Student: 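I'd like to ask some things about the structure below.
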Amino acid sequence: DTAVSQTPKYLVTQMGNDKSIKCEQNLGHDTMYWYKQDSKKFLKIMFSYNNKELIINETVPNRFSPKSPDKAHLNLHINSLELGDSAVYFCASSQRGVGVSTDTQYFGPGTRLTVL
Amino acid sequence: EDQVTQSPEALRLQEGESSSLNCSYTVSGLRGLFWYRQDPGKGPEFLFTLYSAGEEKEKERLKATLTKKESFLHITAPKPEDSATYLCAVQAKGYQKVTFGTGTKLQVIP
């Protein structure tokens with residue numbers, strides 16, 4: 001049973017196109033995230049939703065728009081794709097911690113986006 | 001702003017040769033420090049969470065320790081299957097955001 005799944009795994013597209021990446025988690029978590037991992041393997045947070053509410057919105061071009069239809073799904077739509085958008089995008093989920101506990105994040109397999 | 005620095009960037013070990021990976025961090029009140037393992041073409045896989053200085057956690061050949069400024073991931077008698085990139089991350093108190101380091105790429109040679 002896949003805990004955090006993403007589709008598609010690979011996405012090759014032309015500059016200027018619009019594309020979406022989908023993420024689903026079956027862990028019962030209430031918080032989901034999108035990360036971008038560049039060619040140097042640096043993982044950078046983009047967005048986070050808690051119970052369908054946007055709680056983290058890092059400095060990301062407004063061509064990127066997350067959408068959370070319910071707490072088990074978080075999709076990422078990208079408009080007018082640019083060469084610099086080429087990267088691996090990871091979805092993650094966690095259960096928001098209470099008190100001293102933390103939000104251990106569990107990651108999906110990633111979507112490799114290549115913009116030509 | 002929270003910062004995480006990992007060293008070395010890459011480490012090559014002979015099978016059975018124990019070593020340590022370092023994660024230095026700066027955070028305004030640590031809520032938790034995380035270690036992940038990432039294999040090529042896959043998502044990061046959770047290993048440990050450490051909450052306070054002095055805490056240690058173990059899993060098979062891996063042992064993670066934490067001080068107020070850094071964390072170490074000790075690898076005892078590594079095997080080739082331990083080859084991966086190991087990522088360290090921190091979360092500050094009162095914040096949801098987790099900040100990752102750039103990782104240490106470990107190669108264990110038979």
Side-chain angles (χ1 to χ4, degrees), chain A residues 2-7 9-10 21 23-25 27 29-51 53-60 87-112, chain B residues 1-11 21 23 25 27 29-53 55 57 59 64 66 71 84-107:
Chain A
T2 304
V4 182
S5 59
Q6 295 178 229
T7 54
K9 185 160 177 63
Y10 299 97
I21 306 172
C23 178
E24 176 181 1
Q25 55 94 4
L27 297 168
H29 291 164
D30 60 3
T31 306
M32 296 184 72
Y33 310 79
W34 277 112
Y35 284 87
K36 179 180 180 180
Q37 189 171 49
D38 60 25
S39 56
K40 294 187 177 180
K41 305 299 183 186
F42 180 58
L43 261 175
K44 185 168 169 56
I45 183 75
M46 299 173 69
F47 303 102
S48 177
Y49 272 77
N50 175 259
N51 283 321
E53 179 187 351
L54 183 65
I55 57 171
I56 296 176
N57 187 356
E58 291 293 288
T59 307
V60 176
V88 181
Y89 292 83
F90 286 101
C91 177
S93 74
S94 70
Q95 183 62 34
R96 201 159 191 182
V98 176
V100 298
S101 65
T102 63
D103 310 73
T104 299
Q105 296 181 19
Y106 294 86
F107 284 79
T111 296
R112 181 174 291 277
Chain B
E1 188 169 326
D2 303 339
Q3 287 193 326
V4 179
T5 303
Q6 292 188 246
S7 62
E9 284 188 22
L11 182 62
L21 281 52
C23 171
Y25 66 91
V27 65
L30 181 69
R31 186 177 186 193
L33 183 141
F34 308 89
W35 282 99
Y36 285 85
R37 169 193 170 125
Q38 186 174 22
D39 292 296
K42 296 190 175 181
E45 176 189 344
F46 171 71
L47 293 173
F48 305 108
T49 306
L50 300 168
Y51 296 99
S52 58
E55 190 175 1
K57 288 195 176 173
K59 181 180 180 180
L66 181 65
S71 177
T85 295
Y86 290 84
L87 300 169
C88 174
V90 295
Q91 184 180 31
K93 288 180 181 176
Y95 292 95
Q96 196 73 15
K97 178 182 171 182
V98 172
T99 300
F100 280 82
T102 51
T104 293
K105 185 173 182 179
L106 173 66
Q107 184 183 14

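All values below were derived from every heavy atom in this structure, side-chain atoms included, with hydrogens, water molecules and symmetry-related copies excluded. Throughout, protein chains are lettered first and strands after them, A, B, ... in sequence-line order, and every chain is numbered starting at 1. Predicted model, so just to flag it, every value in this text is computed and none were measured.
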Student: What part of Lys44(A) is in contact with chain B, defined as an atom under 4.5 angstrom from a non-hydrogen atom: side chain, backbone, both or neither?
Tutor: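 Neither part.
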
Student: Side chain, backbone, both or neither: which part of Ile55(A) has an atom under 4.5 Å from a heavy atom of chain B?
Tutor: side chain

Student: Mark yes when over 12 heavy atoms from residues, nucleotides or ligands other than Gln107(B) sit less than 6.0 Å from its CD; otherwise mark no.
Tutor: yes

Student: Measuring from Gln38(B):CD to Gln37(A):CD, what's the distance to the nearest 0.5 Å?
Tutor: 4.5 Å

Student: Of all the heavy-atom pairs spanning Phe42(A) and Phe100(B), show the shortest one and how long it is.
Tutor: CE1-O, 3.2 Å

Student: Heavy-atom count check: over 12 atoms from other residues, nucleotides or ligands less than 6.0 Å from Glu9(B) CD?
Tutor: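 Not buried by this count: 12 neighbours or fewer within 6.0 Å.
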
Student: Let's go through Lys105(B) and Lys41(A) carefully: what are the C-alpha distance in whole Å and the side-chain angles of both, what is the deciding distance for side chain to side chain contact (heavy atoms under 4.5 Å, CB included) to 0.1 Å, and is it a yes or a no?
Tutor: CA-CA 10 Å; Lys105(B) 185 173 182 179; Lys41(A) 305 299 183 186; over 6 Å; no

Student: Against chain B, label Gln105(A) side chain, backbone, both or neither, depending on which of its atoms sit under 4.5 Å from a heavy atom there.
Tutor: both

Student: So with a 6.0 Å cut-off around NZ of Lys9(A), is the heavy-atom count from everything else above 12?
Tutor: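 Yes, enclosed.
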
Student: Between Lys97(B) and chain A, which part of the residue has a heavy atom less than 4.5 Å away: side chain, backbone, both or neither?
Tutor: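 Interface part for Lys97(B): both.
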
Student: Please identify, among Gly103(B), Gly41(B), Ala89(B), Gly43(B), the residue contributing the most non-hydrogen atom pairs under 4.5 Å to chain A.
Tutor: Gly43(B)

